[in-house]
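A short worksheet on the structure shown next.
All values below come from the heavy atoms of this structure, side chains included, with hydrogens, waters and symmetry mates left out. Here is how names work: the chains are called A, B, and so on, in the same order as the sequence lines, proteins then strands, and each is numbered from 1.
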Amino acid sequence: MSIGYACLALGVKDSSMKGCLKKNASEIRLKELIRGNLNSLDNLINYNIESGIKMFRISSDLIPFASSPVNSIEWWNIYKKEFSLIGNKIRENKIRVSMHPGQYTVLNSQDEGVVERAVEDLQYHSRVLDSLGTGSECKIVLHIGGVYNDKYKAIERFSKNYSKLPDFVKERLVIENDDKSYNISEVLEVGKRLKVPVVFDNLHNFSNPSYPEKSEEFWINECRGTWSEKDGKQKIHYSQQAVYKRVGAHSESIEIKKFLEFYSKLGNGNTDIMLEVKDKNLSAVKCINCIRSSGRIRLLEIEWSKYKYSILEKSSLAYKEIRELLKCKNGYQPVRFYSILENALRQPENIGNALNAAMHVFGYFKKDASDKERERFLSKINKYKEGETSLRLLKKELHRLSIKYEKEYLLESYYFLLQ
DNA sequence: TGACGTCAAGATCCG
DNA sequence: CGGATCTTGACGTCA
């Protein structure tokens, strides 16, 4: 059982994927971008290794315009060394990577050009995973596509186009239920017929259910049968509905108790779970820490070092509560720990608490800051008190100082990231 | 034609 | 000039 997150990690330095406008996609620019993105991928993999994260979705943005004629670079040759170095790390650390082309890769389109481009795009994704030297358990997740007023014909087109795909793509392709067109029983039907593994997505199944009386566990068990030995463990997508947002919108963070309730129904350890959530790696680490059979308080202390000022900003009570919890050095109560965090982070902005946290953080610069910087900050503090500036701008000032005076502890924390 | 989703690039505005 | 904020892009489907 592994838990992973998709594409980008919060708080990891030099880990973003960069792109450019199509009109600026010169050979030189593209090569620059690819080199940078491979370096970012390397940093992401390093972070995952350090954090004990065993599952990760690689962003399709790794190679800009990869399946477009504007990019004719043989990146798999030029960057062979980089790919193999990263790939070795992935394999040595048993990280299961995957990819997921967006909603615009449509294999069952009525337009042949669209299908052609979809095939190109799937080949690109396979090529990335091949270049990394990953096994056939590292998958490419795809939706069935459009309906075009005739689902039967649309599925036939999918089947026909699937059968024409080259083997190196077929080996990796898996299909997933989507949020409006193809529900889980329809995708299962296709998967069983074509022998393509099926990924169950719980939130899509909520907004686009097939037989609403059937439970999530039922569908997960049904899907399990489509995964064979060479495909690796069954994969599912898990996300939670964002409150007050449209149905199907991903939540900011994973509510741990809700997750554990879902998790307990999975029973055995034979399912890999890809989280789809805005706070990405933060929720992945949370869930991993909460399902460990044995954990040490040290793990929570590391988490606390990253969350503490965000918590202080919201609730000094929660701050004290967690400090108490962490005093018991041979106790390990991750669920209690994260529940307090979640509750605190849900609190609305409170000027008193926010000022308190900001002053604590400013304490890091007491010695370094010049008189001018001190003055500038304190005047911002007063403005914030009077409602003349926002917390965001106040924190931006602190962020600037953190970079200038190289306060790694603050820069690696989530204080500047959350809200 | 615009919403959908996604994010950063690019454009523009402001002090 | 640099930083902040607003707009666009890149993709295909569907209302």
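Within the structure, a side-chain polar atom (N or O) of A:Asn24 is placed less than 4.0 Å from OP1 or OP2 of B:dG10. A close approach under 4.0 Å does not occur between any side-chain nitrogen or oxygen of A:Arg400 and OP1 or OP2 of C:dG2.
Judged by distance alone, with hydrogens and angles left aside, the side-chain atoms of A:Glu342 form a donor-acceptor pair with the main-chain N or O of A:Ile256 at under 3.5 Å.
If you measure from atom CG of A:Leu393 to atom C1' of B:dC14, you get 13 Å, rounded to the nearest angstrom. The nearest whole Å value for the distance from the CG atom in A:Asp179 to the P atom in B:dA3 is 18 Å. Taking atom CG on A:Leu33 and atom P on B:dA9, their separation rounds to 8 Å, with Å as the unit. Distance A:Ile403 CD1 to C:dG2 C1': 15 Å, rounded to the nearest Å. Protein atom CG of A:Leu10 is 10 Å distant from nucleotide atom P of B:dA8, rounded to whole Å. To the nearest angstrom, P of C:dG2 lies 16 Å from NZ of A:Lys404.
Salt-bridge formation is detected for the pair A:Arg374/A:Asp371: a Lys NZ or Arg NE/NH1/NH2 atom is positioned less than 4.0 Å from an Asp or Glu carboxylate oxygen. Remark: A:Lys89 does not engage A:Glu50 in a salt bridge, criterion side-chain N to carboxylate O under 4.0 Å. Note on A:Lys18 versus A:Glu32: no salt bridge recorded, every NZ/NE/NH1/NH2 to OD/OE distance being 4.0 Å or above. Under the 4.0 Å criterion applied to side-chain N and carboxylate O atoms, A:Lys139 and A:Glu176 are not assigned as salt-bridge partners.
A:Leu62 has its side chain out of reach of A:Trp75: every pair of non-hydrogen atoms, C-beta onward, lies at least 4.5 Å apart. Taking 4.5 Å as the limit, some side-chain heavy atom of A:Phe365 sits within range of a side-chain heavy atom of A:Ser402.
Residue A:Tyr211 places its OH atom among 12 or fewer non-hydrogen atoms of other residues, nucleotides or ligands, all under 6.0 Å distant. Within 6.0 Å of the CD atom in A:Gln347, the count of heavy atoms belonging to other residues, nucleotides or ligands exceeds 12.
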Letter per nucleotide, 5' to 3', of nucleotides 9-15 of chain C [B base touched, S only sugar-phosphate touched, - untouched; heavy atoms, 4.0 Å] | SSBBSS-
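Note on the helix from B:dT1-C:dA15 to B:dG15-C:dC1: terminal axis deviation equals 70°, with five pairs used at each end and the result rounded to 10°.
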